[in-house]
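Chain letters run A, B, ... following the sequence lines, proteins first, then strands; residues in each count from 1.
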Amino acid sequence: VPGLGRAALAIALGLVLFALLAGGYAALKGRRRLHDSARNALVAAFASVLVASAVLFGAFLADDLSLTYVADHSSRDLPARYAFAAFWGGQEGSLLLWLLVLTGMAAVAVSLNRRLVRDVLPWTVPILAGVASFFALMLVFVSSPFETQPPPADGLGLNPSLQNPYMMAHPPMLYLGYVGLTIPFAFAMAAVVSGRVDERWIAATRRWTLAAWTFLGLGILIGAKWAYEEVGWGGWYAWDPVENAALMPWLVATAFLHSVMIQEKKDMLRVWNVVLVALAFSLSLFGTFLTRSGVLNSIHSFAESPIGSWFLGFICLVAAVSIALIVWRLPLLRARTKMESLVSREAAFLYNNLFLVAFALTVLWGVAYPLVSEAVRGIASTVGPPYYDFFAIAFGLPLLFLMAIGPLVAWRRASFRSLGLSVALPGAIALACGAALLAAGAGSSVPGLVGYTLAAFVLAAIALEFVRGTRARKALGAASWPAAFGSLVSRNRRRYGGYVVHAAIALLVIGAVGVGAFQSESERRLEPGQAMDVAGYTLRYRGSTEQMAANAVELRAQVEVSRDGTSLGVLEPGKNRYIAEQQTSNEVAIRSSWAEAEDLMLIADQFNEDGSVYLKAVVNPLVGLIWGAGLVFLLGSVIAMWPDAREQRRLARRFAEPGAYARI
Amino acid sequence: VLTTALILAALLAVAAVLFVARPFLREPERTDDSLAEPDAAELERLRILEERDRALAALKELEFDHRTGKISDEDYERTVGPLRLEAAAALRALEAFAGDGGGTPEPAREEAPS
């Protein structure tokens, strides 16, 4: 069976290379049948990669340890549900997942856009095939998941930290995001090459970009939830380079989603938009490179990694070709219109773009700093959370302010008087919230207080927009208030979906500030029967238990939790000792209070032979809002992505107009 | 097992080749093998349509924002004139284009882009 996997990957490589070369030739010479053939090759490549993936997944389910990749990432007693996590638990499986998602998305994207961007598609196919060829080449010649060996008695097992339900969702989400950004990149570059830099490539990729951005955002949040529960240090985001690797393209894609609206409304920022798309895609490649090359440990391990230098070369190639194409087409891309006023919606979007890209580049510098310092000075120096926290506050607070102002300011031009009238009510609500929080003792953290005030400003501005809009729809003849609200949202899903996403970001900020600025923590050694206090909770250690699970020994501390004399039950923090993997993992215990959106987290740092335990207790106020923000974010994204029948009819009419080209 | 794998791989390869060759198998004769490229007139028509849609969308948004109170009467008066001129210019250009043989003009629809 590994032979079938190898053959399927080799066939996929042949297909994507054909799509690259034949598709490129067809686009250059204008050959229709060859273009159709190249497009079919891209679709067939997906089927072939699907077969290879099924073979690998089947090998995990069947514990086929003759496959080196399976033996290195699984064991006979690994629960079957973690076969998915094991699939992408290593480099080869991750690359295969990249290729599977890429060919799948490419097949769907080129099939769906055959009419809308008919003259751009001939170049889109070879660009998508070019990216797929790189991954297929890696999988066939450099890092194959189908290498075989004499089967060992048992496998090395799966890293315990990956044996977590969140790890079954986190990597595919991130990959859907990373890979999804290939689609707007391919269409944008194809538009640039073909010289068709009008609005159509944006219309063709709008939902792809939104979907990729949503997956990336959810992937980051699910990864944060995993780190919160599995790593057990009490926080939710540690500015780890792997986390940052996903954050950077997300920030740039966020900037693009805003700036592309300026192009649609005002036909401006064409150059900036293709630059952002190319940057987001390059950063998604860089993210994969960071997590898969070993470069994060040291540039020496990068040199030992089989794919590191290939990846770096490919990223440089993508960047160089993108820059060359954009420079070549600058005369076509230059805007024909100008910004009318610095006080306008488009100006607010422009400022937000500057902050978002500056933040992404700051994070990039922080991630790259150890590599640069090791290359230049021979010593790897890292920048820690204080560096990132500083810039998160420096860029995040103005971004929050713009998020509140943006919806209230008109397109094109707004007078200060008009803006002042719009801002007065939400601004007053925000200031009242800030004053109330100050009076309640939240002034211990100034950035925290400012963050809360601005988050209140954002939420008030959004609520006002919904109220005013619904009232206007009702006045325009909607039968009832719910009908007016429904009509408001359905007539401009992108705007109101975007507002819901803004509300999600405000909730995330409230949660993040709660954890970051107002967290309580206590740690001490407890004998059985002893108790400790933290933020109003009393924790009494009763003793420890040990039991055998499917593939690990589970050691648990029994901790009785009470508050104001009322028992809140028993929490069981502990450790799992994995037998095959010969590793130990922290298993934190969390009590979530949904009413207060607060978590009590217990971490059993060390079990001693005398029966005592080192217990760390952390109280995270408002942390529930971070996870709740994920759901609101998803809701907003779905609203924004939902197909708009009016928009589709408008585009269909535009391209069904008389004309030789449209009739074909 | 190896033989089964080989047979399956061969079947996959044959199916892929057939699918890729399909455009040539369906149209073995090279009658019209050129890719559909819009001519200069078609591109111009698309550009004008884009301008018209952009102006109509901006007008629609301006009207709604004015109705919600986000835009003052003063700002509305100052902005609506140039926008109407833009939309009218695009519609005239579209009519002129149709008159020059570029096809029938598309009537302005109620469903302006949002």
If you measure from [atom1] on [X] to [atom2] on [Y], what distance do you get to the nearest 0.5 Å?
X: B:Leu46; Y: A:Glu199; atom1: CG; atom2: CD; result: 10.5 Å
X: B:Lys70; Y: A:Ser418; atom1: NZ; atom2: OG; result: 10.0 Å
X: A:Arg200; Y: B:Glu50; atom1: CZ; atom2: CD; result: 8.0 Å
X: A:Arg491; Y: B:Phe64; atom1: CZ; atom2: CZ; result: 9.0 Å
X: A:Ser344; Y: B:Asp75; atom1: OG; atom2: CG; result: 11.5 Å
X: A:Ser194; Y: B:Leu35; atom1: OG; atom2: CG; result: 11.5 Å

Contact part of [X] toward chain A, heavy-atom cut-off under 4.5 Å: side chain, backbone, both or neither?
X: B:Arg26; value: neither
X: B:Leu43; value: side chain
X: B:Glu86; value: side chain
X: B:Thr79; value: side chain

A:Arg196/B:Glu42 ion pair, N-O < 4.0 Å
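No, no charged N to carboxylate O under 4.0 Å.
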
Salt-bridge contact A:Lys265-B:Glu61 (side-chain N to carboxylate O under 4.0 Å)
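Judged by the 4.0 Å cut-off on N to carboxylate O distance, A:Lys265 and B:Glu61 do form a salt bridge.
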
Where on [X] is there a heavy atom nearer than 4.5 Å to chain B: the side chain, the backbone, both, or neither?
X: A:Arg417; value: side chain
X: A:Ser37; value: both
X: A:Ala26; value: backbone
X: A:Glu264; value: backbone
X: A:Leu408; value: backbone
X: A:Leu9; value: neither
X: A:Arg412; value: side chain

Main-chain N/O of B:Phe19 paired to A:Asn40 side chain as donor or acceptor, under 3.5 Å:
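Pair found, side chain donor or acceptor close to backbone of B:Phe19.
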
Between A:Arg33 and B:Glu27 (side chain of the first, backbone of the second, donor and acceptor by atom type, cut-off under 3.5 Å), is there such a pair?
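At least one qualifying donor-acceptor pair exists.
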
Using a 4.5 angstrom heavy-atom cutoff, name the option from B:Ala16, B:Gly69, B:Ser34, B:Ala9 with the most pairs to chain A.
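Among B:Ala16, B:Gly69, B:Ser34, B:Ala9, the one with the most close pairs to chain A is B:Ser34.
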
Carefully, step by step, assess A:Lys266 and B:Arg54 under the rule side-chain contact (heavy atoms from CB on, under 4.5 Å).
CA-CA 7 Å; A:Lys266 297 272 299 174; B:Arg54 196 172 286 129; 5.6 Å; no

For chain B, which candidate among [options] shows the most heavy-atom pairs at distances under 4.5 Å?
options: A:Val467, A:Asp36, A:Leu4; answer: A:Leu4
options: A:Leu476, A:Val51, A:Leu419, A:Val55; answer: A:Leu476
options: A:Ala8, A:Gly469, A:Ala7; answer: A:Gly469

